[in-house]
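Notes to accompany the following structure.
Throughout, a chain's letter reflects where its sequence line sits, starting with A, and its residues are numbered from 1.
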Amino acid sequence: MGAYLCSMSKVRVRFAPSPTGGLHLGGVRTVLYNYLFAKKNGGDFIVRIEDTDQTRFVEGAEDYIFNCLKWCGMQPDESPLHGGPFAPYRQSERKALYKKYAEQLINDGFAYYAFDTPEELEKMRQDFKTAANPSPQYDGNVRMKMRNSLTLLPEEVEKLLAENTRHVIRIKMPANETISFTDMIHHEVSFDSSLVDDKVLLKADGMPTYHLAVVVDDYLMKITHAFRGEEWLSSAPVHVLLWKYLFGLENMPQWAHLPLIMGPSGKLSKRDGAKYGFPVFAMNWTDPKTNELTEGFKERGFLPEAFVNLLAVLGWNDGTEQELYSMEELVECFSMDRVHAAGAKFDFEKAKWFNQEWIKKSGVESYRLIVKEIFETKGVSINDDVYFTKVLDLVKERCTLLTDFYTQAAFFYAAPSLYDEASVKPKWDNDKKDFFKALISRYSNLAEWGGGAPENEFKNLATEKNIKIGELQMIFRIMLVGSKMGPGVFVIAETMGSAETINRIEKAINVFSQF
RNA sequence: GCCGCGUUGGUCAAGGGGUUAAGACGCCUCCCUUUCACGGAGGAAUCACGGGUUCGAAUCCCGUACGUGGUACCA
């Protein structure tokens, strides 16, 4: 181990999503680690779209992915959207490239044509299925019993090819070889080649499978480090072999297989979101076919800084006690060898804590517009941004999600329509009523409203009337807010202004007298 | 079934032969505040199991169990 960086070449990493739907937590974290590693090492971050399965194409998914990256603050250096010297960056547009590599493998004896139809494959799986082997593979044990260029006469193969018979190209896995490589997270990993199946490399429609495409494109795009989810580890021996056959092991990128992010019960799926009440995707995603909406962290009220932060430390830490990191700090501190090998269960409670911390940490300016939109969606129009900022500043430390600003501060924009009766009733009597009536006239005559004046006036009057302040303060709060919540009452009164305060006292006196 | 990967409190985790086994989230108690939060002080709670190696194991080795991923002309 040790030096993972090849001293010769510039670091180049890629995030290679297939545009089939929303981008979930694990996906974003994979991008993040790619991005951090690239930036940390002064390298390039490439986004390549792996759309080789035409049956799974989903309208809008690619744009959506780029929107998510943008929201998270990760701009690709090269991508189908941003261009670059290795274009095109969509595998579907690179289709013609792959065939020659597949054919080269055949010529070198590392791959073969297979003419088996889907029905024949299904039959094979049925025929070879036993209790001890419930899912037989197309591998060294069965390939000589199938219809392929290994079993057919050369002239038969020629004929089938000449007739354009549908066929695929499969890798011919060698027998009894140990295939091993060094993973940046798992270290030495090895496989017995006899146990790996003859993966399809080129499909009948001429498109490569992931296995071929990833190797060819990583080579062509000069990728130095390849990071992906651990679900790929099982097929790594195929990729290693292809590198060996095609481009040389010495040119193979350094691999890192990232631990999986788990849901409350097993692998995190978008179903978990609906089931347990937390978002799974970065941003809202509506499936164009089913119209099904899957909630995003953004819409749930997360700050992108918090989202990035919580993802970064889910499976990685720098060995210190620091937990809050900006993107810049992450770039500074990140290293792949401090990434955990084990999967991590996602904890929404902790995720919310990160958001709360970022709300407190950030200036209101950085999210004012988003919160403004939330208010306006709720039917509250914001005309005075100075006042709005003041209000947000007042309540920010009791907000966990951006949407909480509405519940915490809506009372600044509308007098309560409902009062906490149970808290007022036991304290409300004629003395209190007289007090608040007198308070109205005192407040009306107040020359200046700021600088603690409402509080002083309130307290003076209480002393004069010989009522304990504690007896009055809660009532006052409920007059202004409606319930037992919010910042200090006098701060609220000062912020609202005298007219509004007086209005609310008047209104409340009437209501309370009915209790 | 087979193969791969993994296993420190409920969760995220530090620690990689000798530690009172950090810290954070969550939970509980108290303080602050006549509200709710924020903040502060405490508390409960952990090295999956069994064998080795060693004076000494959470740490190294081997098994077992459990979890998880793969086992597609999907990525």
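- Note: CG (A:N133) to P (B:G1) measures 12 Å, nearest angstrom.
- Residue A:G229 is classed as having no contact, given no heavy-atom separation below 4.0 Å to the nucleic acid.
- Following rounding to the nearest Å, A:I261 (CD1) and B:G6 (P) show an atom-to-atom distance of 18 Å.
- Note on A:Q322: nothing from the nucleic acid sits closer than 4.0 angstrom, heavy atoms only.
- Using P as the reference atom, B:G9 and B:C2 are 28 Å apart when rounded to the nearest Å.
- Whole-Å rounding puts the A:R477 CZ to B:U33 P distance at 14 Å.
- For the 3.5 Å distance criterion, the side chains of A:Y98 and A:D217 qualify, holding a donor opposite an acceptor.
- Among the atoms of the strands shown, none is found under 4.0 Å from any heavy atom of A:V489.
- Straight-line distance from the CZ atom of A:F278 to the P atom of B:G26: 17 Å, rounded to whole Å.
- If you check every strand for non-hydrogen atoms under 4.0 Å, A:S190 touches sugar and phosphate atoms only.
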Open item on the list: Applying ring-ring contact (aromatic ring centres under 6.0 Å, His included) to A:W316 and A:Y33, what does each step give before you reach the verdict?
Closed with: CA-CA 10 Å; A:W316 169 86; A:Y33 286 4; 7.4 Å; no

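- The neighbour count for A:K275 NZ, taken as heavy atoms of other residues, nucleotides or ligands under 6.0 Å away, does not exceed 12.
- Side-chain proximity of A:W353 to the nucleotides B:G15, B:G1, B:G26 is greatest for B:G26.
- The gap from the P atom of B:G69 to that of B:C27 amounts to 29 Å, rounded to the nearest Å.
- B:G16 and B:C60 are spaced 9 Å apart, taking the C1' atom of each and rounding to whole Å.
- Per the geometry, CG belonging to A:D318 stands 14 Å off C1' belonging to B:C12, to the nearest Å.
- Residues A:R338 and A:N317 bring a donor and an acceptor atom of their side chains to less than 3.5 Å of each other.
- Taking atom NE2 of residue A:H340 and atom C1' of nucleotide B:C12, one finds them 8 Å apart after rounding to whole Å.
- B:G40 and B:C32 are spaced 16 Å apart, taking the P atom of each and rounding to whole Å.
- Atom name C1', nucleotides B:G15 and B:A58: the rounded distance is 9 Å, in whole Å.
- For B:C38, one of the phosphate oxygens OP1 or OP2 lies less than 4.0 angstrom from a side-chain nitrogen or oxygen of A:Q356.
- At a threshold of 4.0 angstrom between heavy atoms, the contacts of A:N317 are confined to the sugar-phosphate backbone, with no base atom among them.
- Counting any heavy atom pair closer than 4.0 Å across all strands shown, A:K360 reaches sugar-phosphate atoms only and no base atom.
- Heavy-atom contacts from other residues, nucleotides or ligands closer than 6.0 Å to NZ of A:K99 number 12 or fewer.
- Listed by first residue number, the stems of RNA chain B with at least three Watson-Crick or G-U pairs below 3.5 Å are B:1-7 with B:65-71, B:10-12 with B:23-25, B:27-31 with B:39-43, B:48-52 with B:60-64.
- In this structure, the CE atom of A:M485 is 11 Å from the P atom of B:A37, given to the nearest Å.
- Here the separation of B:A75 from B:G4, taken at their P atoms, is 25 Å to the nearest Å.
- Using a 4.5 Å heavy-atom cutoff, the side chains of A:L150 and A:R143 are in contact.
- For NZ of A:K425, the number of neighbouring non-hydrogen atoms (other residues, nucleotides, ligands) closer than 6.0 Å is 12 at most.
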Task: Annotated protein contacts, base or backbone, on nucleotides 68-75 of chain B with a non-hydrogen cut-off under 4.0 Å, one of B, S, - each - done: SBSBSBBB

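- At a cut-off of 3.5 angstrom, counting only N and O atoms as typed in the model, there is a donor on one side and an acceptor on the other between the side-chain of A:R398 and the base of B:C36.
- Atom OH of A:Y413 sits in a crowded spot, with more than 12 heavy atoms from other residues, nucleotides or ligands closer than 6.0 Å.
- A:W243 is not listed as a side-chain neighbour of A:V240, based on a closest heavy-atom distance of 4.5 Å or more.
- Within 4.0 Å (heavy atoms only), A:Q408 reaches no atom of the nucleic acid at all.
- Separating the P atom of B:C25 from that of B:G43 is a span of 16 Å, rounded to the nearest Å.
- B:A57 and B:A21 are spaced 14 Å apart, taking the P atom of each and rounding to whole Å.
- A:L160 CG to A:N148 CG: the interatomic distance, rounded to the nearest 0.5 Å, is 11.0 Å.
- Residue contacts shown for A:V313 are limited to sugar-phosphate atoms, with no base heavy atom under 4.0 Å away.
- The side-chain hydrogen bond (donor to acceptor under 3.5 Å, both in side chains) with A:H257 is formed by just one residue from the set A:E230, A:R228, A:H186; it is A:R228.
- When the nucleotides B:C12, B:G1, B:G39 are ranked by their closest atom to the side chain of A:K350, B:C12 comes out on top.
- Both A:G488 and A:F191 lie near RNA chain B, and the one whose nearest nucleotide falls closer to the 5' end is A:F191.
- Spacing between atom OH of A:Y276 and atom C1' of B:G10 amounts to 14 Å, rounded to whole angstrom units.
- Counting any heavy atom pair closer than 4.0 Å across all strands shown, A:P237 reaches no nucleic acid atom.
- Taking CE of A:M336 as the start and CG of A:L36 as the end, the distance is 8.5 Å to the nearest 0.5 Å.
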